[in-house]
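Take a look at the structure below.
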Protein chains: 2
Amino acid sequence: MPGRAEQRVTLRDVAKAAGVSTATVTRTLQNSPRVEPETRRRVMEQVQLLGYSPNPIARDLRYGRREAAVGLVTAGFTNLFQAGVASGAERELRHAGLQLIIGSTDDTPAREPELARAMIDRRVSALLMMPDGDHRDFLSPEHTHGTPVVLVGRPAADLAADVVMTDDDHAVQQATQHLIGLGHHRIAALTGRLDSFRATQRLGGYRSALAESGVREEPPLVVGDLTTPQQAREAVVRLLDLPSPPTAVLALNLGISTGVLIERLAGQHAFAFIGLDETDVSKGLGVSAVVRDPQEVGRQAARLAIDRIATPDRPPRTVTVPSAFVRRGTGEVGP
Amino acid sequence: MPGRAEQRVTLRDVAKAAGVSTATVTRTLQNSPRVEPETRRRVMEQVQLLGYSPNPIARDLRYGRREAAVGLVTAGFTNLFQAGVASGAERELRHAGLQLIIGSTDDTPAREPELARAMIDRRVSALLMMPDGDHRDFLSPEHTHGTPVVLVGRPAADLAADVVMTDDDHAVQQATQHLIGLGHHRIAALTGRLDSFRATQRLGGYRSALAESGVREEPPLVVGDLTTPQQAREAVVRLLDLPSPPTAVLALNLGISTGVLIERLAGQHAFAFIGLDETDVSKGLGVSAVVRDPQEVGRQAARLAIDRIATPDRPPRTVTVPSAFVRRGTGEVGP
DNA sequence: CATCGCCATGTAACCGTTGACATGCCCCGG
DNA sequence: CCGGGGCATGTCAACGGTTACATGGCGATG
């Protein structure tokens, strides 16, 4: 009767079939020396025959242990960075014998608490948070009940948690410096939600570079709250139509880089362009960009989690995965 | 002492603190009418105070149920299609109160059995498989022990499982017809691993269209086993340098579409081009393409799993998520 | 021959939760 | 005044697995 949802084979089934007690089956499976060869043979025969394998969840329960899995909560998994982090984390966890449970808020930060809660309730070994929201009470010790938390992408002053960061500010600063070095003084910076940590961090790098070189910031050249490639493209067009237009454009996230790239390829204006994050297409077309390594971010987050599981009381650590300015050519157009 | 990995609060802790039995706590939490208001108050007070919430895993164990989670095994999560499927599945499962556990083979099909096994062992409610490998013995009833399996992306003749497919063949056939209708007779088709199901399916659509229109297939125009955008780009260049070059190019997966797009934008030849799968960039640049809806594929896979969990004995179903040929302009270059 | 000890195996408790069943109290009616 | 019914609450077994401890049989030794 294929397809029938037959009850799963348990330890007791094997014990009964082999005519021994459950303890003997366990001992056999753990290669305890305290088992007679003939008994072992009989037990293993039944294990094979019935296709038994132990339920790891029941085992963890017995020990009062947390389950051998780690949760990851994020706004979504479609964007390249998020997917890369999940992928990098999954690989590292897998090598440590841990599984990865993912939960998405579907870009609704208000759902972060319930997702985190569900993970904590099922006793995951650790929780990886890539938060968008600012409210983080729900990660306080009295809510996590000792579940280790790793924050990915931004720090939390009020929370004694491990953190993985990327130093986008440095790389953006380098990128801006590069443009200034080429003679650009009117450099537009396009970014997403202005009140986000990322925008602040990245604009910070842009401004440091300007200040460092004595270039005065022109507020109209900084455009925020662009949420789609289309909006970014339109913003570029508007900027280039200004009386004194920018000669270079810095796109400060992937969606914006995409919109700017499209305008650069399909539009009529020539301008220097540096993106942030990259795709096979932008790489192949030689777009200079600030690049992050999402896989490595995920890997480091998993490592922090694994370390803390092993040593729950060590002080919190912050790991920075370097972002790099990769010069490929699109920044090279003169002012 | 924040950060200390204190033992998680259990039902018994609450019972002890409230001076009642565990049964009373359970009844209180389940709003059973059989609890005196004063007792209920005392219990709830302790629940709040201690921050108790039930362990869903222990509950499932008690009922002999499978855990409220579904596994997804795939070659990776970085590629847009895979990430989209995971995302779509996660959303649908979440709405059904199920969590998603992901496992990647890191493009090593030989790892499929162990990942599937780990999920089955932990008693997931269902298993979503996006397999690359051809060996599927490990999904036979005696190995799955009644765990429902949903195959994503390709059927399995020998397995009575639910399946989600995309009808790429139809859409590719339409795309090819479109090119033929524009007067193209020398249409190159570029694909990945020739021995893969996907390549076979998609080339099938290409060939049907040729046959239907009485266009003779020219074997040199079909190039397979291209695994990187760079290889695809080089293949296009070689084709266009042939004595009688193709006038149109059909790219049959995302990596290849990327390579061809780069050559079209950066190279010197003009040619009609239709891609498969798309990104924000290719969309923004108006690349005509055969597009699949990965989110919808994931959603349908989750739905099949949820349905089968509810009705384990219903006959297997195959759901086809339509692929579409989207005409945007790059196919329009004349022969 | 009695005793000791070793070894293979069984028994039972436990992890956290639930629910069928048991208990004991109060109130009512006979 | 006593028995029965109802209700609030407690007890206990169970889910699947592990292990400390108990048991019993055997061979060796004094």
Side-chain angles (χ1 to χ4, degrees), chain A residues 5-44 46-47 50-68 120-125 145-147, chain B residues 5-44 46-47 50-68 120-125 145-147:
Chain A
E6 62 261 28
Q7 196 58 27
R8 181 71 195 254
V9 178
T10 78
L11 188 66
R12 257 179 278 277
D13 297 331
V14 176
K16 202 178 303 174
V20 297
S21 74
T22 59
T24 300
V25 178
T26 301
R27 277 190 286 258
T28 302
L29 291 175
Q30 291 176 348
N31 287 316
S32 156
R34 297 273 117 105
V35 178
E36 187 152 2
E38 165 57 14
T39 309
R40 172 181 308 276
R41 198 196 54 70
R42 246 181 25 245
V43 170
M44 291 312 286
Q46 291 304 323
V47 167
L50 302 175
Y52 169 78
S53 67
N55 181 339
I57 303 255
R59 180 189 293 141
D60 289 341
L61 179 62
R62 165 68 220 283
Y63 283 132
R65 279 206 223 108
R66 295 172 179 285
E67 72 165 328
I120 291 168
D121 281 351
R122 49 142 57 240
R123 270 71 165 175
V124 291
S125 291
H145 299 282
T147 309
Chain B
E6 61 261 29
Q7 197 58 27
R8 181 71 195 254
V9 178
T10 78
L11 188 67
R12 254 183 281 275
D13 298 330
V14 176
K16 203 179 303 173
V20 297
S21 74
T22 58
T24 300
V25 178
T26 300
R27 277 189 287 257
T28 302
L29 291 175
Q30 290 176 350
N31 287 318
S32 156
R34 296 275 118 101
V35 179
E36 187 150 3
E38 164 58 15
T39 309
R40 173 182 306 276
R41 198 196 54 72
R42 245 177 31 242
V43 170
M44 290 313 286
Q46 291 304 322
V47 167
L50 302 175
Y52 169 78
S53 67
N55 182 340
I57 302 256
R59 173 159 40 225
D60 289 342
L61 178 62
R62 165 69 221 283
Y63 284 130
R65 280 206 221 110
R66 295 173 178 283
E67 73 165 329
I120 292 168
D121 281 351
R122 48 137 64 233
R123 269 72 164 176
V124 291
S125 290
H145 299 282
T147 308

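Throughout, protein chains are lettered first and strands after them, A, B, ... in sequence-line order, and every chain is numbered starting at 1.
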So, with a heavy-atom separation below 4.0 Å from DNA chain C, the residues of residues 17-32 of chain B are Thr22(B), Ala23(B), Thr26(B), Gln30(B)
The answer to which of Tyr52(A) and Glu36(B) contacts DNA chain D further toward the 5' end, by nearest nucleotide, is Glu36(B)
Closest heavy-atom pair, His145(B) versus Arg66(B), reported as atoms and distance to 0.1 Å, is O-NH2, 3.1 Å
Rounded to whole Å, the CZ-C1' distance (Arg34(B) to dC21(C)) equals 14 Å
Fill in: Non-hydrogen side-chain atoms of Asp13(B) and Gln46(B) separated by less than 4.5 Å
no
By side-chain hydrogen bond (donor to acceptor under 3.5 Å, both in side chains), Gln30(B) pairs with (sequence neighbours left out) none
Residues passing the salt bridge (Lys or Arg N to Asp or Glu O under 4.0 Å) test with Arg59(B), sequence neighbours excluded, are none
Arg42(A) CZ to dT9(C) P, in whole Å, measures 8 Å
Taken to the nearest 0.5 Å, the spacing of Asp60(B) CG from Leu61(A) CG works out to 11.5 Å
Sorted by chain and residue number, the side-chain hydrogen bond (donor to acceptor under 3.5 Å, both in side chains) partners of Arg62(A) (sequence neighbours excluded) come out as none
side-chain hydrogen bond (donor to acceptor under 3.5 Å, both in side chains) filter on Thr28(A), not counting sequence neighbours, yields none
On DNA chain D, more 5' by nearest nucleotide between Arg123(B) and Pro33(B) is Pro33(B)
Fill in: Side chain to side chain, Arg27(A) and Val43(A), heavy atoms closer than 4.5 Å
no
What residues 56-65 of chain B contributes to the DNA chain C interface at heavy-atom separation below 4.0 Å is Ala58(B), Arg59(B), Arg62(B), Tyr63(B)
What one should report as the nearest heavy-atom pair of Val9(A) and Tyr52(A) is O-CD1, 3.5 Å
Those residues at least two apart in sequence (or on a different chain) that pass salt bridge (Lys or Arg N to Asp or Glu O under 4.0 Å) with Arg34(B) are none
Chain A reaches DNA chain D, atoms under 4.0 Å from its heavy atoms, from dG16(D) to dT19(D)
Sorted by chain and residue number, the side-chain contact (heavy atoms from CB on, under 4.5 Å) partners of Arg12(B) (sequence neighbours excluded) come out as Thr10(B), Thr22(B)
Residue set satisfying salt bridge (Lys or Arg N to Asp or Glu O under 4.0 Å) with Arg42(A), at least two apart, ordered chain then number -> none
Sorted by chain and number, sequence neighbours left out, salt bridge (Lys or Arg N to Asp or Glu O under 4.0 Å) with Asp121(B) holds for Arg8(A), Arg117(B)
Axis-to-axis angle across the helix from dC1(C)-dG30(D) to dG30(C)-dC1(D), five pairs each end, nearest 10 degrees, ~ 90°
